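Hydrogens, waters and symmetry mates play no part in the numbers below; they use all other heavy atoms, side chains included. This one's a predicted model, so the numbers in the text were calculated from it and none came from an experiment.
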Amino acid sequence: MSDADATADEGGGDGPRDCLPADVDAVRDALVSWYEDDHRSFPWRETTDAYEILVSEVMSQQTQLERVETAWREFLDRWPTVHDLAAAERGDVVGFWTGHSLGYNNRARYLHEAARQVVEGAVGPSDRPHGAGETGGGDGEFPEEPAELAELMGVGPYTANAVASFAFNNGNAVVDTNVKRVLYRAFDVPDDDEAFAVVAGALMPDGESRVWNNAMMELGGVACEKVPSCDEAGCPWRRWCHAYETGDFTAPDVPTQPEFEGSRRQMRGRVVKALSNHDELPLDTLGPKVRVDYTPDGEHGREWLRALVADLAGDGLAELEERDGETVARLR
DNA sequence: CTCCTGTGAA
DNA sequence: TTCACAGGAG
């Protein structure tokens with residue numbers, strides 16, 4: 001159970017680390033520069049207050065960021081500090097939650113309970129080591145270690161790392177579904193939680209969790225979404241990205257394909273919509289915008305797409321052109 | 001591991 | 001009306 005088992009690796013000898021690009025530093029710099037150059041601004045990116053960060057994270061788990069913004073401001077307006085929240089009536093907190101359509105009102109209960117834990121000093125290293133008296137103890141200070149934050153009700157690994165990172169610049173690499181998608185596409189990391197954790201951790205520059213986790217989430221949010229926008233978003237990882245190279249933008253979390261999905265009519269609509277935003281697109285660039293499970297050589301791949309666009313061309317809506325060995329599509 | 005939650009999209 | 005979502009609890 002020591003580190004000796006590191007040598008007793010699996011027979012193949014290729015671990016998740018083999019997914020890492022050779023020039024990790026260049027990869028890191030590219031992402032951080034891209035993020036710092038321009039990113040969405042959210043009010044919780046302007047604070048390092050752990051309580052405020054925690055509230056934003058809990059709200060973000062279930063609600064689109066746009067609506068979270070309003071709710072977050074009003075929540076903090078009503079309960080500005082962790083002490084205020086701890087002293088609140090549970091019913092008021094839950095009432096606020098439902099009143100703002102924040103979903104899962106259990107999360108409101110958890111948040112309220114977490115506030116009490118902090119105020120009572122029920123978490124952290126100074127988990128009342130000396131008999132500090134029953135009434136004192138907690139000073140309302142949040143612990144700064146992810147493992148201690150995770151003791152808070154409603155705070156799991158994800159939220160713990162997010163708070164540790166954004167409040168204290170003291171987190172590990174955040175691994176959520178967006179990060180998984182990015183790593184899966186960019187570095188061909190296998191769809192395996194352990195692999196994601198290892199690669200995410202190895203990529204993150206030491207002691208830079210705040211900017212790094214912000215940048216990774218930004219990347220997944222505005223460039224490497226389910227339907228990717230590599231060029232539109234100026235993705236900083238295009239030169240290393242496995243998916244960008246192969247045109248296979250499948251993601252670990254997208255195999256769901258409801259009945260109404262996949263109809264030819266819907267696919268035609270997507271082609272037209274995608275093309276209307278561009279003068280022209282190579283088939284392999286158009287593909288992922290039409291089907292998230294597009295792979296050039298897959299069942300719904302390049303030839304499938306070529307036929308689809310050819311149909312549109314037959315209807316006088318689009319046209320195909322061969323150029324330098326690749327096919328581009330455009331509207332007519 | 002299974003289950004759960006409220007919302008919005010299909 | 002069903003169901004995906006996305007974390008966390010138990």
Side-chain angles (χ1 to χ4, degrees), chain A residues 42 44 50 53-72 74-75 90-118 122-123 142-143 145-167 171-184 191-194 196-197 200 213-214 216-221 224-227 250-270 273 290-293:
Chain A
F42 297 114
W44 46 87
I53 302 276
L54 176 62
V55 173
S56 80
E57 286 300 328
V58 174
M59 287 182 174
S60 304
Q61 286 172 11
Q62 52 201 338
T63 310
Q64 295 121 311
L65 296 184
E66 314 256 305
R67 186 184 293 165
V68 168
E69 225 169 297
T70 307
W72 184 75
E74 291 184 20
F75 190 97
R90 175 156 304 176
D92 289 341
V93 183
V94 174
F96 179 99
W97 213 257
T98 34
H100 288 71
S101 295
L102 288 169
Y104 294 46
N105 53 33
N106 258 348
R107 305 241 197 250
R109 284 180 28 219
Y110 295 159
L111 191 54
H112 181 240
E113 176 60 26
R116 294 196 52 192
Q117 287 177 275
V118 170
V123 289
F142 277 73
E145 293 299 323
E148 291 161 5
L149 286 162
E151 295 171 19
L152 294 170
M153 186 66 77
V155 176
Y158 171 83
T159 309
N161 273 311
V163 174
S165 296
F166 304 142
N172 303 122
V174 161
V175 182
D176 66 0
T177 56
N178 292 313
V179 171
K180 289 180 186 178
R181 185 174 60 247
V182 170
L183 297 179
Y184 181 88
D191 184 2
D192 172 276
D193 285 348
E194 181 58 25
F196 287 129
N213 285 322
N214 267 319
M216 282 295 286
M217 296 173 75
E218 189 74 2
L219 190 65
C224 202
E225 319 100 303
K226 279 188 197 176
V227 176
T250 49
D253 56 337
V254 290
T256 46
Q257 196 82 261
E259 276 306 310
F260 27 80
E261 289 281 317
S263 70
R264 201 158 178 85
R265 161 173 303 188
Q266 182 183 26
M267 295 302 106
R268 285 169 58 111
R270 288 193 189 167
K273 182 179 180 198
V290 176
R291 292 188 65 110
V292 291
D293 58 349

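Here the C1' atom of nucleotide B/dC1 and the CG atom of A/D193 are 13 Å apart, to the nearest Å. A/M59 has its CE atom 14 Å from the P atom of B/dT7, to the nearest Å. With rounding to whole Å, A/L152 atom CG is found 18 Å from C/dG7 atom P. The CD-P distance, from A/E57 to C/dG8, rounds to 10 Å in whole Å. One can place NZ of A/K180 at 14 Å from C1' of C/dC5, the figure rounded to the nearest angstrom. Regarding A/Q61, its CD atom lies at a distance of 16 Å from the P atom of B/dT7, rounded to whole Å. Atom-to-atom, OH of A/Y158 to C1' of C/dG7 comes out at 9 Å; the value is rounded to the nearest Å. Going from atom CD of A/E151 over to atom P of C/dA9 covers 12 Å, rounded to whole Å.
In this structure, A/W97 has no ring-ring contact (aromatic ring centres under 6.0 Å, His included) partners at least two apart in sequence or on a different chain. Under the rule for a ring-ring contact (aromatic ring centres under 6.0 Å, His included), A/F142 has no partner lying at least two apart in sequence or in another chain. Scanning for side-chain contact (heavy atoms from CB on, under 4.5 Å) contacts around A/Q61 gives A/R107, A/T159, with sequence neighbours left out. Residues passing the ring-ring contact (aromatic ring centres under 6.0 Å, His included) test with A/F75 are A/W79, A/F96, sequence neighbours excluded. A/E69 meets the salt bridge (Lys or Arg N to Asp or Glu O under 4.0 Å) test with A/R73; sequence neighbours excluded.
Side-chain nitrogen and oxygen atoms of A/N106 include none within less than 4.0 Å of the OP1 or OP2 phosphate oxygen of C/dA9. Listed pair A/K226 / C/dC5 meets the phosphate criterion, a side-chain N or O lying under 4.0 Å from OP1 or OP2.
Among the atoms of the strands shown, only primed sugar atoms or phosphate atoms (P, OP1, OP2) are found under 4.0 Å from some heavy atom of A/T159. Here A/T63 lies out of heavy-atom contact (under 4.0 Å) with every strand.
The aromatic rings of A/W72 and A/W44 sit perpendicular to each other, their planes meeting at more than 60°, with 30° as the lower class boundary.
Between A/V175 and A/K180, the closest side-chain pair of non-hydrogen atoms falls below 4.5 Å.
Applying a 4.0 Å cut-off to non-hydrogen atoms, the residues of residues 107-115 of chain A that approach DNA chain C are A/R107, A/Y110, listed by residue number.
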